[in-house]
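Notes to accompany the following structure.
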Amino acid sequence: MNQKRRRQIIQMLEEQQAITNQELMDCFGISIETVRRDLAYLEEHGMLTRVYGGAVWKENAKTEPLYSRREQKNNKEKEKISNQAQVFIEQNDIVFFDLGTTVESVAKNLDKEKKVHAFTNSIRAAVALCEKCSNVILTGGKIRDGELSLSGTLAEDNISKFNIQKAIIGAGGITEEGISDFIVDEAGLRNKVIKNAKKVIVLADYAKFSVRAMCHVCGFEDIDVLITDNKAPKDILNIIRKKGVQVVVVK
């Protein structure tokens, strides 16, 4: 029974890249002590890395999952988070749309009557925004194959010339220390945007929690709003709230 459950845990991690203790307790009807024993066993055998509140796939801190894979994961949660993000975008706002599947969903569902002025480093988001916005400006920079994202010094220099009212930001990982990312140049651009924006709104489904990606982007002192789903670990959310962030949990 133990081995069958542990194989299922590995299967879940392969698909989701990260998993919480609470999720395992709910899924298998087991105690926190059993969860810890299972994760300790699997970590000892090199199958995962335990983190605060759960575990991540062994290579998760180094390697970002493919876009095509991320696009099909946790879609219900992402859609609800995306819908909630629309509430924060107002008429004639100047908005930066980050790369990533959840932010792209915001771009696709944006109300064109709001006449938003959009900046983005995501070619995918730019295509969706062209039909929705008064203006769409790409940051420029080097294109990353597969992701179709733009980054580098050119992108950072260009975005620093503009005053951003709202920044809709994705995250590679979230811990109590802040948000992180897998790609150095993209982390650098995110940091520039966050420092320049009047209001920073981070979107992250539950699978991003307890993941510490390679590049630190910022701490929660730089974040105004975090929108997530009700599978996100409550202990980490409480820590984030205490740091002054408005945490919105969609059901």
Side-chain angles (χ1 to χ4, degrees), residues 16-20 49 51-57 60-65 67 70 73-74 77-78 81-82 84-85 88 95-106 119-122 125 139 144 147 149 151 155-156 159 164 166-229 231-250:
Q16 299 175 195
Q17 302 296 307
I19 202 162
T20 67
T49 300
V51 294
Y52 183 79
V56 297
W57 189 234
N60 199 37
K62 301 176 184 177
T63 308
E64 183 178 39
Y67 181 93
R70 296 185 349 252
K73 298 299 178 188
N74 308 329
E77 289 83 2
K78 289 176 182 177
I81 292 167
S82 165
Q84 185 62 46
F88 291 91
V95 183
F96 178 85
F97 293 84
D98 197 9
L99 60 96
T101 56
T102 310
V103 178
E104 188 182 331
S105 177
V106 179
F119 290 83
T120 184
N121 65 326
S122 165
T139 60
R144 178 155 68 99
E147 193 73 29
S149 60
S151 62
E156 291 178 26
I159 203 64
I164 307 297
K166 311 276 175 68
I168 311 296
I169 301 293
I174 292 185
T175 66
E176 63 275 16
E177 297 169 359
I179 70 172
S180 55
D181 193 28
F182 297 91
I183 308 299
V184 174
D185 285 345
E186 289 170 6
L189 180 59
R190 274 193 177 110
N191 186 267
K192 284 273 186 182
V193 170
I194 288 166
K195 296 292 185 186
N196 197 28
K198 192 172 181 181
K199 189 165 196 169
V200 178
I201 302 156
V202 174
L203 313 183
D205 65 80
Y206 71 95
K208 302 295 178 65
F209 285 80
S210 299
V211 175
R212 185 179 281 104
M214 182 175 70
C215 307
H216 179 75
V217 175
C218 70
F220 284 105
E221 65 276 5
D222 295 319
I223 302 301
D224 299 292
V225 181
L226 169 66
I227 306 176
T228 188
D229 59 84
K231 293 182 183 177
K234 293 180 177 60
D235 49 357
I236 297 182
L237 293 183
N238 287 334
I239 291 170
I240 294 170
R241 284 190 184 98
K242 288 177 182 177
K243 295 186 178 184
V245 178
Q246 179 184 354
V247 176
V248 180
V249 179
V250 298

Candidate pair Asp98 and Ile168, rule side-chain contact (heavy atoms from CB on, under 4.5 Å), full reasoning | CA-CA 6 Å; Asp98 197 9; Ile168 311 296; 5.9 Å; no
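- Shortest non-hydrogen contact noted between Ala207 and Ala18 is O-CB, 3.0 Å.
- A pairwise comparison of heavy atoms in Phe88 and Lys199 identifies CD2-NZ, 4.2 Å as the closest pair.
- Residues Pro233 and Thr20 share a closest heavy-atom pair of CD-CG2, 4.0 Å.
- In plain terms, the two heavy atoms of Arg190 and Leu99 that are nearest each other are NH2-CD1, 3.9 Å.
- The distance from atom CG of Leu203 to atom CD1 of Ile201, rounded to the nearest 0.5 Å, is 7.5 Å.
- The two residues Asp181 and Ala187 come nearest to each other via the heavy atoms OD2-N, 3.5 Å.
- Formation of a donor-acceptor pair under 3.5 Å by the Asn238 side chain with backbone atoms of Lys234 is found in this model.
- Put simply, the side chain of Ile227 does not reach to within 4.5 Å of the side chain of Thr102, judged on heavy atoms.
- Here the closest non-hydrogen pair linking Glu177 and His216 is O-CE1, 3.9 Å.
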Please lay out, stage by stage, how Glu186 and Ser149 fare under the test side chain to side chain donor-acceptor pair (under 3.5 Å).
-> CA-CA 8 Å; Glu186 289 170 6; Ser149 60; 2.6 Å; yes
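- A salt bridge does not link Glu176 with Lys243: every distance from a Lys NZ or Arg NE/NH1/NH2 to an Asp or Glu carboxylate oxygen is 4.0 Å or more.
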